[in-house]
Engineer: 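I have a structure I would like to understand better, so I am pasting it below and will then ask my questions one at a time.
Positions are given from 1, in the same order as the sequence printed here. Each ligand, and each atom within it, is numbered from 1 in the order the structure gives.
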Amino acid sequence: MMQNAALRLTVSNTSKRKSRERLIEEHKNLEYFSDNNKYIIVHTTRSQPNLNLNFQLRMSIANLQIDHIPTEKFLLCRVITRFIKISALLTLVEDPEGNVERLALYNWINIPENNDDHMNSRSIDQSFLPVGTLLVIKNLSYKVADDNNTIIHSNNPEDVFIIDRHNKLVGNLKWSSDTLDKKEIKRKTADDFRCRGNDYFTSKDYIAAIDEYSNGIKLEPRNVTLFANRAEAYLRLSQFSKALIDAEFALMYEPGHLKAAYRKGKALCSLKRYQEAIITLQNLHLSMKTSTDSSISSIKQNTEQLLKHAEILASENENGQYDYTSIINEYCERAKIKKDSKGNDEWVYEAGPRLDHADFLFKGIEIRAVEGKGRGWIAKCDIPENTLLMVSKAFSTVYSHEVLGHTMQSNIPNEKTTCIASSLCTEEIITRITQKLLAEAYHCQEVYQLYDSLNLDKTDKINKNLVNVDIIGNIVKYNSFGLENDIEVENDLSGIGLWILPSYFNHSCIDKNVSLFFLGDLMFIRSLLPISKGEELVISYRDANCSYEIRSRYLKSIGIDCKCRLCELEKSETPETSNRRTQLLNCFKRLIEPKILNNNDPSLIKRLEKIISELRYLRKEHPDLEFDTIKLRKCLSSSYRKNGDLKGALSILKEVYDFYKNVHLQIINYIILDIVILYIGLNQMNEARKWFDIAVERLVGPILGKFKGDKVKWRKEARQLAGKILPLINSFAKLI
Ligand SMILES: C[S@@+](CC[C@H](N)C(=O)[O-])C[C@H]1O[C@@H](n2cnc3c(N)ncnc32)[C@H](O)[C@@H]1O
């Protein structure tokens with residue numbers, strides 16, 4: 001996974017072949033991930049002076065076709081970068097026409113360096129197929145990797161031949177690129193680079209645009225337009241500190257440059273330097289206020305908007321005051337997906353459901369050492385129920401939709417898709433975080449802090465300024481959050497994210513006292529119960545809705561031997577009891593659940609009732625820790641309802657609710673909604689309304705908090721929000 005993530009680092013969103021400069025730059029980045037052990041390469045380093053090749057069969061890189069193996073033909077090329085080893089031997093090659101492409105050599109034998117048996121061998125270092133080496137490659141294949149990068153594969157070392165320069169075949173050919181490049185660069189002006197940069201910018205290839213602007217800046221180091229344009233391209237890539245530097249350069253050379261000042265304000269906002277952003281934007285606003293020049297009307301308007309936004313961000317950050325209705329509207333809008341010209345899904349808004357809001361941190365909590373768990377969040381004072389503790393914007397998020405694409409999502413059965421999506425999302429997020437750190441190294445410190453957790457080797461001293469994909473992979477493994485909410489909300493997009501401060505919450509299976517709610521890449525965190533000074537704040541990485549087996553397997557994989565009440569009880573039970581429980585749950589899962597709702601067979605209901613009562617009996621000493629039957633009882637209630645016994649169905653669910661209402665399990669929210677449906681079915685509308693309010697409260701409580709002062713006003717707002725989050729609520733609201 002890490003290797004794949006490393007290879008994905010050469011990602012750009014287009015499948016078009018890339019420029020020589022871009023490929024070289026990306027190859028340099030890959031060096032971070034190369035395997036620096038010395039290897040001896042045995043195959044084919046012998047040269048082939050007598051290789052007889054028919055010149056007519058030579059093909060150029062430009063003729064290669066994706067997924068096609070041109071068996072008759074060969075590629076003549078020369079190495080233009082140092083070889084590095086990741087999973088394959090990787091370098092860049094160019095053909096005589098000057099086309100450049102990646103080459104991956106697979107299956108070259110690696111022998112430890114001290115093995116002297118192989119005379120005809122070389123180690124992978126500068127001397128291995130050095131820059132300029134001419135190669136003939138047969139039977140190659142040309143592929144597009146998952147990340148849309150094209151790559152030449154050679155799987156058999158016998159197909160690769162080193163050609164010496166006296167070979168006739170080569171003697172006849174002129175290699176065009178050396179001279180071509182120089183000529184081209186000579187001909188170009190800073191303005192040519194600006195124009196090409198703008199073209200790339202328009203086609204949303206911001207990396208290429210930055211390359212072009214940078215080349216222009218090399219020619220004219222005080223070119224204000226190039227700095228201002230590059231600042232905007234950096235903003236689009238979320239490289240805010242670079243954007244700020246460029247905007248400031250532009251302003252240094254031309255203090256009245258409006259766009260540069262606007263971009264400075266934007267960068268400062270994104271760097272969470274709200275007060276400075278406000279001052280910059282206020283000054284900019286003032287400078288334009290009296291102007292009647294119509295050409296600046298749009299920047300005037302944008303500045304006003306951004307200034308307002310910066311003021312909102314400052315207040316969110318300072319006081320934790322969020323306009324939840326507008327944030328939810330913003331989320332619903334940004335999470336929309338449309339089809340592009342090829343029928344693939346893409347976000348309606350370029351950045352997807354990533355929301356531009358400020359972080360907030362309640363002053364009454366702090367990170368401290370917690371015995372046996374590393375560090376954790378602790379209350380510095382008594383905290384009332386439903387206090388907003390933190391709002392955090394993700395360091396990085398990846399949505400499954402972004403890595404799977406439309407075709408895969410619709411063609412593959414659900415479980416498999418979820419599994420593929422999850423591993424692709426993980427690879428992708430490792431890649432994105434690595435890219436972000438490579439681009440803006442000042443983030444390394446905050447991300448690497450997460451690495452110091454208990455389960456990781458403390459002696460492994462890490463260089464906090466060096467980007468290391470293995471460490472990032474571990475950080476993702478131990479700290480990332482799945483993006484799913486406790487209750488499915490509209491546009492609830494699955495995926496994965498890394499949040500910095502929320503990563504310090506430790507886990508408890510049943511005694512969590514803190515709730516999380518995701519809206520896009522914003523995480524809202526509130527206290528679920530009153531919390532006393534000195535108490536630890538904990539969340540559930542997996543809750544008791546999951547069987548012990550599944551839960552503990554996951555927790556162990558991230559180094560947790562959970563000591564919560566439930567886990568301790570499960571561990572202390574005899575093997576007979578736990579085996580019997582597993583047997584009963586498996587029987588439900590395999591034999592009853594798939595059939596019961598489509599089948600009126602009363603014997604199935606009987607069997608389910610028997611399983612439930614035996615499971616309850618197995619935990620008769622600790623009924624408060626009996627969570628296994630909740631799902632089964634919900635299922636039983638549904639089959640009662642299907643058979644027309646609404647009262648029976650209701651009493652099952654109400655019993656479950658009464659017993660578990662104070663344990664914050666995901667499934668309880670669905671049980672409440674089922675109760676509302678049953679009361680509607682029984683035409684007991686007052687009860688239906690009462691339970692509907694409970695559902696709304698539980699649904700929006702984690703975002704909005706509890707009734708404060710005006711209950712009627714709160715309820716109105718809560719209903720509106722709930723309807724936005726879960727449109728099903730609106731259809732309920734019409735019925736009651
Ligand atoms: C997301 S981090 C939480 C913050 C972490 N304690 C730290 O110091 O960085 C997850 C790691 O915290 C520790 N942890 C979390 N909950 C725990 C628990 N209930 N018991 C023991 N260790 C726990 C484990 O080492 C786990 O891999």
Engineer: Looking at Arg581 and Glu614, does any basic side-chain N land under 4.0 Å from a carboxylate oxygen?
Structural biologist: no
Engineer: Heavy-atom contacts under 4.0 Å between Phe505 and ligand 1: side chain, backbone, both, or neither?
Structural biologist: backbone
Engineer: Can a donor-acceptor pair be found between the side chains of Asn669 and Arg698 at a distance below 3.5 Å?
Structural biologist: yes
Engineer: State if Gly376 counts as touching ligand 1 under the rule of any non-hydrogen atom under 4.0 Å.
Structural biologist: no
Engineer: Between Tyr451 and Tyr478, is the ring centre distance below 6.0 Å?
Structural biologist: no
Engineer: Is the distance between the ring centroids of Tyr206 and Tyr234 under 6.0 Å?
Structural biologist: no
Engineer: Hydrogens and angles aside, do Thr629 and Glu626 bring a side-chain donor and acceptor to less than 3.5 Å of each other?
Structural biologist: yes
Engineer: Quick check on contacts: which atoms of ligand 1 are under 4.0 angstrom from a heavy atom of Ser503?
Structural biologist: 1 (C), 2 (S), 3 (C), 4 (C)
Engineer: Which residue pairs pass the side chain to side chain donor-acceptor pair (under 3.5 Å) test when at least one of the two sits in residues 357-370, sequence neighbours left out?
Structural biologist: Lys272-Asp359, Glu316-His357, Glu330-His357, Glu366-Arg368
Engineer: Could you verify whether a donor N or O on one side chain and an acceptor N or O on the other, from Arg580 and Gln583, lie under 3.5 Å apart?
Structural biologist: yes
Engineer: What atoms of ligand 1 come within less than 4.0 Å of a heavy atom belonging to Gly374?
Structural biologist: 8 (O)
Engineer: So is Gly372 touching ligand 1 or not, going by heavy atoms under 4.0 Å?
Structural biologist: yes
Engineer: Under 3.5 Å between any N/O of Lys373 and any N/O of ligand 1: does that happen in this structure?
Structural biologist: yes
Engineer: Counting both backbone and side chain atoms, is some N or O of Asn506 under 3.5 Å from an N or O of ligand 1?
Structural biologist: yes
Engineer: Out of Glu536, Lys563, His507, Lys477, whose heavy atom is nearest to atom 16 (N) of ligand 1?
Structural biologist: His507
Engineer: Please list all pairs meeting ring-ring contact (aromatic ring centres under 6.0 Å, His included) that have one or both residues in residues 529-585, counting only residues at least two apart or in different chains.
Structural biologist: His507-Tyr541
Engineer: Would you kindly specify which portion of Ile560 sits under 4.0 Å from ligand 1, judged on non-hydrogen atoms: side chain, backbone, both or neither?
Structural biologist: side chain
Engineer: Geometry only, no angles: is Arg375 polar-contacting ligand 1 at N/O separations under 3.5 Å?
Structural biologist: yes
Engineer: With atoms numbered from 1 as shown, which atoms in ligand 1 lie under 4.0 angstrom from a non-hydrogen atom of Tyr541?
Structural biologist: 1 (C), 2 (S), 3 (C), 10 (C), 15 (C)
Engineer: If you measure every N/O of Asn479 against every N/O of ligand 1, is any gap under 3.5 Å?
Structural biologist: no
